[in-house]
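Before any comments, here is the structure.
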Amino acid sequence: MMGYVLRRILQMIPVLLGATFIIYALTFLMPGDPISALTGERPLPEATVAQIRQAYHLDDPFLIQYGNYMLGVFRGDFGIDFFGRPVMGLILERLPATFALAMTAWVLKLFIGLIIGVYGGLRHGKAADHFALVFTVLFMGIPGFVIALGAQTYFGVHLGWVDPAGVRAGWPMAFILPALVMAIEAAAGLARLTRTSLVDVLRAEYLRTAKAKGLSDQRIIWGHALRNAMIPVVTYLGLSLAGMLGGAVIIEAIFNIPGIGGLMVSSINNKEGTIVVGIATMLVLVYLVFNLLVDLTYGLIDPRVRV
Amino acid sequence: MKRSPKMVLVAGAAVLALVATGCASGENGGQPQNDAQGKRSLSFMTSEPKTIVPQKDPGSQVGMALCANLMEVNVETQKLEPLAAKAVESEDARVWSIELQDGWTFHDGSPVTAQSFADAWNATATGSNAWQGNGTFVSFEGYDELNPTDGSEPSTDVLSGVKVIDETHLEVTLKAPNADFPKVLSTNPTCPLPATALEDAAAYDEAPVSNGPYKFVSWDHNQQIVLEKWDGFKGAAGFSGGADELVGKVYTSVDPAYTDMTAGNLDMIRNVPATMVDKATSQLGDKVLYEVSIGSKQQTLQIPDYVDELKSPELRKAISLSIDRDAIAKSLLKGHATPSDSLVPPALASYVEGACSECTFDPERAKKLLADSGGFDGTLIIESNSNSDQQLVQAVAKQIQDNLGIKVQQKPMLGTELSERRNNQKLEGAAFGLWGWSYMSPDQYLSQYETGGDGNASTGYSNPDVDKLLRAARAEQDESKAATLYRDAEQIILKDLPAIPLFIPTDYGLHSECAVMNDVQGDLQFYRAGYGC
């Protein structure tokens, strides 16, 4: 087991190297000059521009810039932005908000999605199942930002239950509404997946055998059906948490959550390469770690894949 | 499978428990502070600042509230008056003597001396510090030594043009006479810095100490910045505001800020997008809207001198005559802009109504001028920032295409790319430009057409006669005489029309009942707002 984990961790290194290289190259190739972006239309004097370019090695060839960057990364230094602030600090400043939002949304989604999915699966073909289907189709169909803006106006402005853009209220009041919006949207997919998976498993012959052996309903559902039905669901859950950490840009913008997504978008617009690469590297790392955790969880649920 | 309903119940209870415990913990934790009764607090929208040190970000609203400049525009008189200075004078507009007020201190009680200004100016003017306020000092003697163009280390660390005479007296020598120098001293890069700012720059970045009407209290990154009225401020009321406490609430964009305002959580927004103005007045009523008294910005169609196909003045005039500015201002811009007929906004002293005789709509004359210029069978490219004004550029492009019968192609791109093309003379056609002043002077606009002047990179326009007139105007301390010289320069520039005047956009602010907005010569500053509750 330890050997397997170690092997997987070593495999991450080339993936990380490749990913940072591609992202660094892409930001390097992006049109535009980061120094120009500093002051907009009123350009800095030529001498100042020359000084800044010098200080940030912007005139070096691409491979040298990338090499310098990676040397820094291995020493734990993710570079500085054009105002001299360390990139790691900027990311760490934003990370708690993104993490709080993603985790809250993920937990809510887990409950909502599993409840609806399991309920629908167990009663498949009945009225409750159809109701669950309508619910999921509805929320999968409406674009996320529409739900978000609607919920913000209704609960934030009309009812005044939460601040509509109030990150200052802290967790959970500032995060509950955006997280719920994200959760409901994502829960629809989870519910569909859980239901289908459960329905498939319930039709399996080994369940008929179990029933014939005289096992209680509870034993059959908890011990056999759900356990097998959960394998695809766990994969989905693990990767979707990684996705939520990196992909909440629109929700963050609507509810004014100062997270990683917004920082990424503004850094791309300003061509702040070090920040873009820093965030991307971190997200790749998060994805790889979650992938590993998902693979390890399989072993717990399904002895057949235990290594 | 009879058990399933119960399972649902158990799981449902778990969700409730989660939410309930979450709520409970929130009450002790990060709730917004409820203002004590009677505290006059106003909040304003800001994005998370990269820095609040005025020298590093001259446009920072927080920086403006923290710092008292030597000169400043008084809200009550709308005139430029000495603030931290007692007097700023010069015989020849080149060597300036500055006398400071006696006994002024920074927020921490340390004295504001001539050295506080000199230290700040030297640091800002040093190119390798890469502070954004650097360009302000380009007209100072000794700037070039601090900013070697080859990127090498400067041989000195002080501006030779800045002399500290004694505790309260400074002498500044400029490269060339500039009667606007007192106005320069009202801009944020000229703020003083206490000695501690240079000893521990990192600490100062997080908690700046300055000499202005408001002092720094706290900066909760990505959430809010709190400022408090400083009772040691000795300036007149017209240099300060009515709130005891100012809270800069951080928003990622103007949309959530607006939503927060509709929920009653935010007092002030500035630079309101035109599209939001009508939404706001219909949702919140007319009283929330503040219209800035003076248009300080101008939109133009810049025509680079190095694009050979667009060299002919007749062609440029034909393009200008083919644009129906009135129609666009009324329909697309819904009256939130006025057509521009000069190279400067109407509020400036040198403005003459209709100075640009080709800035009206006259398709007949346009076609005639096009024929005179020998015709145009290429494609007129209009480059613009894809994040702003796309519809406006589209409308202008369509007018030219329809009324002049030439091919027009829009080329939207990221702001960073447009600035790069502009500054490195790589534009392929005309470019949509927006300009504004740092202080109210015709020089701030006409320098765009002076060889190597501020903003000259956009067009690269160069004309020795214009340069000479602008130099003379700058040296003239009599405002009306200077205005005449600026007017003469504008007349010459207009013959070549390196930039086609389009619109003067109207600036708006949104405010709550308690916030009484105002502006100083077209610049809406949050900290000057009065308190009306």
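By convention in this document, chain letters (A, B, ...) are assigned in the order of the sequence lines, proteins followed by strands, and residues within each chain are numbered from 1.
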- Query: With only heavy atoms counted, which part of A:Ile220 is less than 4.5 Å from chain B, the side chain, the backbone, both or neither?
  - Reply: neither

- Message: Does any backbone or side-chain atom of B:Asp205 lie under 4.5 Å from a heavy atom of chain A? Answer side chain, backbone, both or neither.
- Response: neither

- Item | Heavy-atom pair of closest approach, residues B:Pro256 and A:Ala253 | CG-O, 3.4 Å

- When rounded to the nearest 0.5 angstrom, what distance separates CD1 in A:Ile254 from CG in B:Asp255? 9.0 Å

- B:Glu48 versus chain A, heavy atoms under 4.5 Å apart: side chain, backbone, both or neither? side chain

- Query: CG of A:Asp163 to NZ of B:Lys249: how many Å apart, nearest 0.5 Å?
  - Reply: 7.0 Å

- Query: Do NZ/NE/NH1/NH2 and the carboxylate oxygens of A:Glu272 and B:Lys50 come within less than 4.0 Å?
  - Reply: yes

- Where do A:Asn269 and B:Thr416 come nearest, in terms of heavy atoms and distance? O-CG2, 3.3 Å

- Heavy-atom distance under 4.5 Å to chain A: side chain of B:Leu266, backbone, both or neither? neither

- Message: Could you go through A:Val157 and B:Thr259, starting from their C-alpha distance and side-chain angles, then the distance that decides it, and tell me whether this counts as side-chain contact (heavy atoms from CB on, under 4.5 Å)?
- Response: CA-CA 7 Å; A:Val157 181; B:Thr259 312; 3.8 Å; yes

- Query: Out of A:Gly156, A:Gly262, A:Ala174, A:Pro258, which one racks up the most heavy-atom pairs below 4.5 Å with chain B?
  - Reply: A:Pro258

- Task: Kindly say whether A:Gly259 contributes a backbone atom to a donor-acceptor pair with the side chain of B:Asn222 at under 3.5 angstrom?
- Result: no

- Query: Do the non-hydrogen side-chain atoms of B:Asn265 and A:Pro164 ever get within less than 4.5 Å of each other?
  - Reply: yes

- Query: So which part of A:Glu252 gets closer than 4.5 Å to some heavy atom of chain B, the side chain, the backbone, both or neither?
  - Reply: backbone

- Query: If you round to the nearest 0.5 Å, how far is CZ of A:Arg94 from NE2 of B:His221?
  - Reply: 11.0 Å

- Residue from B:Leu414, B:Asp220, B:Thr51, B:Val250 scoring the most non-hydrogen pairs under 4.5 Å with chain A is B:Val250

